[in-house]
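Note that this is a predicted model, so its numbers are computed, not measured.
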Amino acid sequence: MRAGAGSGDRRGGTAAGLFGAALLVAGTVLGTGGAHAQPSPTPTGSASQGGRTAGNAQGDEDEGNGRRDDGRGDKGDKGDRNGNRPGHRGGESPHPSASATGTTPATGAAGPTGTTGPATAPPAAKSTGAAHPAPVGTVLAAAGAGADTGLPTAQGLQQALAAVLADKNLGTVGLAVADAADGQLLYGNGENTAATPASTTKLATSIAALSLIPGDTRLTTRVVKNAATGGITLVGGGDPTLTGLPADQVQIGGVPADPDTAPASLDALARQTAAALKTAGTTTVALDYDVSLYTGALLHKNHDGENIAAVTPLMVDEGKVDPKSREDAPARVGDPALAAADAFANLLKAQGITVQGKAKQVTAPAAADAPVLGRVDSPTVARLVERLLTTSDNTLAEAIARQAAIAAHQPASFEGAATAVTQELARLGVPTTGVVLNDGSGLHTGNAIPPVVLVKLLALAASAQHPTLRPVLTGLPIAGFTGTLGKRFGSASGAADAAGLVRAKTGSLSGVNTLAGTVVDADGRLLSFALMTRTTAPADTARTAMDRVVARLAACGCH
């Protein structure tokens, strides 16, 4: 196919193959049938316990998660969410043996991630009415159908992209395009120049976390006996998705949670605890809470009380004032840990247990051998990674970054998490020249990543040597369908032909817009790309210009 072939040409000889690829890329939007692996069993005390599922009304929505115009920016990228609004910006577990940190592996856990050779990929979520990504292995296989046509060439890509890259709304541009199958760089424009990544930082966080932590690990919230006071202690295990909502009010990304994605239930934990206390003949207790898992500052440098909650290992519904809020940047409580303890006390009261006085934070960590009265477990880390990428959830991203820090024996803080992620990327062979990380979410304006590094991260996630990194690809939003790309690549964008063919992580801060992911080209080949811009143009205008660049990739074979 000639360089710069249009969408009409693209629909020619490869139309049937591309339609099949589109179905696979859109995955669960259109139905994945039996392609998924069997999900891991729901742990005791999880969302299904007590006849309820649990959930977070959303988490952090990137670019409105398809529910709101992208003018406010990426949500999890909340800086992203608030786009170019002046003065408002956003960014968007330990190993099985480390049970003391509040993290536990699921039954039948796979081996450590990041290893070579055969490995069992993390179980995929069941297909529901919700848009849930299709298994990437199948996507890669289908996209490979055009491999015999040859790779796109640098000259072909340059000719095809010249006009769209000249759009002044893009401002300063950095671009890298690679073969997704092996990460071979095909074309670059400022690809080695570090730029502000915004929420595409979450790709680095997710890769490092899944490399350090088995994907079927779960984050545990528990209640233990306090030998010193004779009361009970609520111990935070780093799960910000723990919910106080009943099952019929639980939604993730605007759709009901399925058994694999439903967060743990605070009510289920209260029921377990109350039953254990009553069995022991106790109906009145003192309650305290333990947040010793994390260290360092609670508040992000760009904390605004909306885009991200105070980062603590104990919170309910990500610290939202209204847990059912569908706002992209919901108001957050000032002290999420105390709010969680108070909510737990009220749930105990509903079960006939009286809590004496006000819950207090303990000064020393709960004893490792303290008798456990109740526990609930989060979805697997693999599912949490998918969620934080699809919705660009800042609070969840910082939680996962701290689990990576714990696994890497670094302090569970902003600084420790950044160190752990950077070191793990280097260990995986990712070039870290120019990479500067200050957080796990991308809210920090001091972060810097070159486009070529982002495509290297995507290549790792697609690599046969790293099957446990697949959730990074399955978690990417689908253009025109899911997450933060749900309202992009629309009919008036000039990029509509690429809807369903693009999966990418969004990112936006004031004046910054980024997009990194995969696209199926006109020959059915899967390409990875990273597009990073800095511009004074309105956020929506800049993003639409970016979408047209990616749509041009989809529309040509670029030979």
Side-chain angles (χ1 to χ4, degrees), residues 59-60 62 76-79 90-95 98 101-103 113-114 197-215 217 219 236-241 291 293-303 307-313 315 318-319 336 378 381-389 391-428 430 432 435-444 446-449 457 469 471-472 475 505 507:
D60 269 316
D62 211 42
D77 289 295
K78 212 72 171 152
E92 293 236 337
S93 96
H95 291 289
T101 67
T103 308
T113 60
S199 272
T200 52
T201 299
K202 293 181 175 74
L203 292 172
T205 299
S206 300
I207 288 284
L210 288 172
S211 180
L212 286 162
I213 309 164
T217 299
L219 311 182
D239 177 15
T241 68
V291 291
L293 183 62
Y294 293 174
T295 61
L298 289 174
L299 301 183
H300 190 282
K301 180 179 181 292
N302 292 334
H303 180 84
N307 285 286
I308 188 172
V311 184
T312 173
M315 66 175 72
E318 299 200 350
S378 74
V381 165
R383 297 290 79 78
L384 294 177
V385 164
E386 287 182 331
R387 171 173 169 172
L388 77 86
L389 290 171
T391 63
S392 200
D393 189 323
N394 291 324
T395 301
L396 182 53
E398 295 298 348
I400 292 299
R402 279 158 180 70
Q403 294 297 331
I406 293 168
H409 307 292
Q410 295 289 336
S413 62
F414 288 107
E415 298 79 10
T419 296
V421 170
T422 303
Q423 290 181 347
E424 186 61 15
L425 295 186
R427 191 190 70 79
L428 289 168
V430 176
T432 56
V435 173
V436 178
L437 297 180
N438 295 282
D439 65 9
S441 61
L443 279 165
H444 201 291
N447 290 350
I449 301 178
L457 295 176
L469 302 183
V472 173
K505 181 69 199 77

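Summarising the geometry, atom NZ belonging to Lys202 is positioned 7.5 Å from atom CG belonging to Asp393; distances are rounded to the nearest 0.5 Å. Between the CD1 atom in Ile406 and the CD1 atom in Ile213 there is a gap of 8.0 Å [rounded to 0.5 Å]. The CD atom of Glu424 lies 13.0 Å from the OG1 atom of Thr419; values are rounded to the nearest 0.5 Å.
Screening Ile400, Leu388, Leu469 for a side chain to side chain contact (heavy atoms under 4.5 Å, CB included) involving Ser206 leaves a single residue, Leu388. If you run side chain to side chain donor-acceptor pair (under 3.5 Å) between Asp439 and each of Thr201, Asn447, Thr205, only Asn447 comes through.
A pairwise comparison of heavy atoms in Pro411 and Thr295 identifies CB-OG1, 3.8 Å as the closest pair. Nearest heavy-atom pair, Ala309 versus Thr395, reported as atom, atom and distance to 0.1 Å: N-OG1, 3.2 Å. What you find for Ser441 and Glu398 is that their closest heavy atoms are OG-OE2, 2.8 Å. Counting all heavy atoms, side chain and backbone alike, Gly237 lies closest to Leu219 at O-CB, 4.0 Å. The heavy-atom pair separating Ala404 from Ala420 by the smallest distance is O-CB, 4.0 Å. The shortest non-hydrogen separation linking Pro471 to Leu389 is O-CD1, 4.1 Å.
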**CA sep, side-chain torsions, deciding dist, call: Ser211, Arg427, side-chain contact (heavy atoms from CB on, under 4.5 Å)** = CA-CA 10 Å; Ser211 180; Arg427 191 190 70 79; 3.3 Å; yes

**Asked** Could you go step by step and tell me if Leu396 and Arg387 meet the side-chain contact (heavy atoms from CB on, under 4.5 Å) rule?
**Response** CA-CA 9 Å; Leu396 182 53; Arg387 171 173 169 172; 3.9 Å; yes

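Panel note: side chain Ser413, backbone Gly416; a donor-acceptor pair is recorded below 3.5 Å.
Considering only heavy atoms from C-beta on, Leu425 comes within 4.5 Å of Leu457 through its side chain. Counting heavy atoms from C-beta on, the side chains of His300 and Asn438 never come closer than 4.5 Å. Residues Ile449 and Thr200 are not in side-chain contact: their nearest non-hydrogen atoms beyond the backbone lie 4.5 Å or more apart. Looking only at side-chain heavy atoms (C-beta outward), Val311 and Arg402 come within less than 4.5 Å of each other.
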